[in-house]
**Q** 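Pasting a structure here, questions to come.
Predicted model, so just to flag it, every value in this text is computed and none were measured.
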Amino acid sequence: MTMAAATQHHLAPGHVLYIDHANHLTPLTLAYHATASRHLTSGRSDVIPPSTTIEVDSAYCPQCLAYEAASATSGVCHKEYGGCKSCPICFSPLSISIDETASGSESNNSRLICHYVCGLCQWSSRECGVISNADTLLEYASTSDEIEEKEKEKKRGLAIVEISKALDLCLQRRISERNKVGGALFDSITKMWAQREEEEKQRNRMKIGISSISSNRNVDNRGSNWSLEILEQALMQKKNALNSSNTDRVVEPGRGDIQPRHAKVTSSNQLPTPQQMAAQMTITTTTPQSRSDLLPLPVHYRARVSRRCRAELSAGRTGILMKPKQNPLDGDTSLRSGHGQWWMKDSSAVHVVPSVQLHRVGADITSHKYAALLKLKNPTLNMIRLRLVGPSDSELIEQTELQNVLVNPFTETFVRGRHCSPDATANIAPTEFVVLHPADDPFLDIRKDKVGAPLEVKDWDPMSALSSGNWDTSQFRIVATEGDTAWVELLLCNSTRVTEALSETDYLAVPFSLQIEVGNGSWEASLIKRQDLPAEESDLVTLNLVALMR
């Protein structure tokens with residue numbers, strides 16, 4: 001087999017993952033770096049044991065952004081006008097509208113009604129009978145007198161508030177009516193069990209058998225003795241009664257929106273989708289049979305949580321990784337101060353830790369050799385001095401961690417990895433220290449004359465790297481540096497054992513370490529204090545990484 005046939009060449013073929021203090025693999029976008037910490041923390045919630053603790057600070061409505069403390073939240077928005085509502089058809093926000101509609105037999109005899117309206121699908125709460133009378137607004141007609149007009153405008157606003165509250169009361173009344181049948185069934189079951197329990201206690205006190213009790217009891221539908229079959233029969237009767245109440249409904253006087261099930265299907269009584277039925281069952285116990293049974297849905301609060309590092313907490317430090325402000329509007333220009341300050345603290349690693357990516361990868365399957373080009377980039381506004389070395393002795397990744405590795409949290413992509421041979425990275429030599437300049441800021445037009453990657457990077461080819469020389473040991477080599485970016489070549493030999501060939505879906509897990517110098521102007525964004533070392537020695541922070549290649 002020729003070298004060209006045995007070599008596999010891929011662009012963006014793999015991923016580089018970071019290892020936290022609990023030996024969990026995580027992408028850099030899900031990693032955190034606590035202030036002045038010498039290790040990383042994974043923000044993944046699907047790992048055991050977790051690396052972070054989560055505390056709920058407050059909750060807010062995603063529509064009106066009203067917020068309250070987490071200890072006092074009721075779960076749904078209940079601010080003025082009865083709280084925000086969602087459309088039961090398309091789940092879009094609902095607005096309150098006051099419209100004029102015809103009533104009675106004469107078209108010119110009109111009145112005002114208040115109802116919920118969806119701006120997307122044009123659904124209205126008239127279909128389910130949730131409306132309130134707004135005729136009081138007719139009393140505040142516009143006048144030419146400016147003073148009287150201001151007074152009426154004030155009264156009109158108060159009247160709208162009362163009408164909106166009446167609309168919410170109408171919705172709550174409809175929900176109670178829907179839940180009445182289910183509540184009655186639950187109460188009947190509870191009473192039945194209470195009666196059985198009382199009879200059992202009385203039998204134990206009197207020491208009288210079940211047969212003697214049943215002989216003195218009037219004959220009823222339950223039979224002479226209690227049994228599981230009798231209980232199941234009673235529950236079945238209750239269920240049939242509940243179903244009959246839903247299927248044989250009678251149209252209420254003045255309620256033309258509710259029709260029997262055998263009526264002609266129109267746009268107002270279409271069958272709801274499973275998603276709509278599931279959302280409706282969160283507020284009612286009666287299964288909706290048509291579109292007219294769908295009621296406006298409440299908007300549930302969203303939690304604002306803070307994260308803390310478990311390792312920092314065990315060391316007696318705060319370990320705050322992310323802590324948002326209580327008010328979700330903090331940082332918005334609508335407030336007088338704090339513009340742009342959305343977070344009280346955000347220690348995401350993407351802002352501090354240099355990113356390492358796989359630029360290109362090639363493999364010679366027959367000789368078990370790999371050639372990869374790594375791209376290192378400085379995200380901070382300070383200089384960083386670093387180097388790549390082989391894996392440290394403390395870097396022990398279990399095979400269970402590689403069975404289901406999350407490589408892309410946005411697309412939720414999981415892959416399976418396999419350990420490379422220990423001989424492949426046992427004696428790999430470290431690179432020289434590389435200086436990465438502060439990150440380029442395109443908004444400030446810094447380094448506007450920059451023209452792509454260097455020529456050495458454009459011409460780098462894994463096939464040429466694999467065929468250049470007769471090398472038999474793994475090694476790092478610096479290819480080029482350009483401002484805040486550096487490219488390092490990784491040549492890996494004896495990657496897998498002869499008897500352990502990789503499958504088409506497996507990725508080769510290659511461990512290595514990133515050593516960053518602290519002090520002397522390097523990595524000041526991490527706020528790590530330099531240790532008391534001799535002047536000729538460098539204080540290095542080691543971050544363990546794993547490259548997944550195939």
**Q** Would you say W487 and P454 make side-chain contact, with heavy atoms under 4.5 Å?
**A**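 Yes - at least one pair of side-chain heavy atoms lies under 4.5 Å apart.
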
**Q** State, yes or no, whether a side-chain contact exists between W123 and L94 at a heavy-atom distance under 4.5 Å.
**A**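 When only atoms from C-beta onward are counted, L94 and W123 do touch, with a gap below 4.5 Å.
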
**Q** Test side-chain hydrogen bond (donor to acceptor under 3.5 Å, both in side chains) on T284 and N179; report intermediate values, then the result.
**A** CA-CA 6 Å; T284 62; N179 294 334; 5.1 Å; no

**Q** Just so I know, are the side chains of V479 and L373 near enough to count as touching, which here means a heavy-atom distance under 4.5 Å?
**A**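 Side chain of V479 against side chain of L373, heavy atoms only: contact under 4.5 Å found.
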
**Q** Do L376 and L388 have side chains that approach each other closer than 4.5 Å (heavy atoms only, starting at C-beta)?
**A**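 In short, these two side chains touch, coming nearer than 4.5 Å.
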
**Q** Looking only at non-hydrogen atoms, find the nearest pair between Q326 and S58 and report the distance.
**A**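 Taking Q326 first and S58 second, the nearest heavy atoms are O-OG, 3.3 Å.
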
**Q** Within a radius of less than 6.0 Å around CG of N427, do more than 12 heavy atoms belonging to other residues, nucleotides or ligands occur?
**A**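 12 or below, so no.
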
**Q** Under the side chain to side chain donor-acceptor pair (under 3.5 Å) test, which residues partner T35, sequence neighbours left out?
**A**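 With neighbours one apart ignored, the set is K345.
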
**Q** Restricting to side-chain contact (heavy atoms from CB on, under 4.5 Å), what partner residues turn up for Q475, sequence neighbours left out?
**A**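 Q475: side-chain contact (heavy atoms from CB on, under 4.5 Å) contacts with W471, L491.
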
**Q** Under 4.5 Å between any side-chain heavy atoms of H419 and L402, yes or no?
**A**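 Sidechains of L402 and H419: in contact.
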
**Q** Is the cationic atom of R304 (NZ for Lys, CZ for Arg) positioned less than 6.0 Å from the six-membered ring centroid of Y60 and within 45 degrees of its normal?
**A**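 Relative to the ring axis of Y60, which defines the angle, R304 lies inside both limits.
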
**Q** Taking all non-hydrogen atoms of both residues into account, name the closest pair between K323 and D57 and its distance.
**A**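 Closest pair (atom of K323, atom of D57, distance): NZ-OD2, 3.5 Å.
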
**Q** Any idea how Y507 and H15 line up, ring-wise: parallel (<30°), tilted (30 to 60°), or perpendicular (>60°)?
**A**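 Geometry flag for H15 against Y507: tilted rings.
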
**Q** Is the side chain of S474 donor-acceptor paired with the backbone N or O of A424 at a distance under 3.5 Å, no angle test?
**A**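 Side chain of S474 to backbone of A424, a donor-acceptor pair under 3.5 Å: yes, one is there.
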
**Q** Is there a salt bridge (charged side-chain N to carboxylate O under 4.0 Å, His left out) between D168 and K85? Walk through the geometry before answering.
**A** CA-CA 10 Å; D168 183 69; K85 300 294 186 295; 3.3 Å; yes

**Q** Heavy-atom count check: over 12 atoms from other residues, nucleotides or ligands less than 6.0 Å from Q122 CD?
**A**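 Buried by this count: over 12 neighbours within 6.0 Å.
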
**Q** Could you give the distance from SG (C493) to OH (Y370), rounded to the nearest 0.5 Å?
**A**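 The SG atom of C493 sits 13.0 Å away from the OH atom of Y370.
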
**Q** What verdict does the side-chain hydrogen bond (donor to acceptor under 3.5 Å, both in side chains) test give for S37 and E312, after you've listed the backbone C-alpha separation in whole Å, the side-chain angles of each residue and the deciding distance to 0.1 Å?
**A** CA-CA 8 Å; S37 177; E312 294 291 312; 3.2 Å; yes

**Q** Between the side chain of R360 and the main-chain N/O of V457, is any donor-acceptor distance below 3.5 Å?
**A**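 Confirmed, R360 side chain pairs with V457 backbone.
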
**Q** Going through the checks in order, is the side-chain contact (heavy atoms from CB on, under 4.5 Å) test met by F414 and V405?
**A** CA-CA 5 Å; F414 290 84; V405 183; over 6 Å; no

**Q** My understanding is that only residues two or more places apart in sequence, or in another chain, count here; which of them pass ring-ring contact (aromatic ring centres under 6.0 Å, His included) with H33?
**A**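 Residues passing ring-ring contact (aromatic ring centres under 6.0 Å, His included) with H33: W523.
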
**Q** Got a donor-acceptor contact below 3.5 angstrom from the S42 side chain to the A31 backbone?
**A**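 Such a contact is absent between S42 side chain and A31 backbone.
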
**Q** Salt-bridged, R44 to D20, with N to O below 4.0 Å?
**A**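 The answer is no: the pair does not qualify as a salt bridge.
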
**Q** Between Q515 and R387, do the side chains contain a donor N or O and an acceptor N or O under 3.5 Å apart?
**A**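 R387 vs Q515: donor-acceptor pair found between side chains.
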
**Q** One pair to check against side-chain hydrogen bond (donor to acceptor under 3.5 Å, both in side chains): N382 and T380. What are the steps and the verdict?
**A** CA-CA 5 Å; N382 305 105; T380 68; 4.8 Å; no

**Q** With a 4.0 Å cut-off, would you call D539 and R530 a salt bridge?
**A**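 Salt bridge flag = no for R530 with D539.
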
**Q** Any donor-acceptor pair under 3.5 Å linking the side chain of R310 with the backbone of P50?
**A**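 Flag set: sc R310 to bb P50 pair under 3.5 Å.
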
**Q** If you measure from the Lys or Arg side-chain nitrogens to the Asp or Glu carboxylate oxygens, is any gap between R178 and D293 under 4.0 Å?
**A**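 Looking at D293 together with R178, the answer is yes, because their closest N to O distance falls below 4.0 Å.
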
**Q** Taking atom CD of E537 as the centre, report whether more than 12 heavy atoms of other residues, nucleotides or ligands fall under 6.0 Å from it.
**A**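 Yes, CD of E537 has more than 12 neighbouring heavy atoms, counting only those of other groups under 6.0 Å.
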
**Q** Between the side chain of H24 and the main-chain N/O of P49, is any donor-acceptor distance below 3.5 Å?
**A**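 Here the side-chain-to-backbone pair exists.
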
**Q** Starting from the C-alpha separation in whole Å, work towards a yes-or-no answer on side-chain hydrogen bond (donor to acceptor under 3.5 Å, both in side chains) for S522 and N520.
**A** CA-CA 6 Å; S522 174; N520 299 326; over 6 Å; no

**Q** What distance separates L545 CG from L40 CG, expressed to the nearest 0.5 Å?
**A**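 So the CG of L545 and the CG of L40 are separated by 8.0 Å.
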
**Q** Is there a donor-acceptor contact under 3.5 Å from the side chain of D484 to the main chain of K377?
**A**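 Checked: no pair found.
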
**Q** Would you sort out whether S348 and M322 count as a side-chain contact (heavy atoms from CB on, under 4.5 Å), showing the intermediate values?
**A** CA-CA 8 Å; S348 297; M322 179 173 291; 4.1 Å; yes

**Q** Considering non-hydrogen atoms only, spot the tightest contact between A372 and W460 and give its length.
**A**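 Nearest heavy atoms, A372 then W460: C-CH2, 3.8 Å.
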
**Q** Of all the heavy-atom pairs spanning L65 and P328, show the shortest one and how long it is.
**A**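 Heavy atoms of L65 and P328 come nearest at O-CG, 3.5 Å.
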
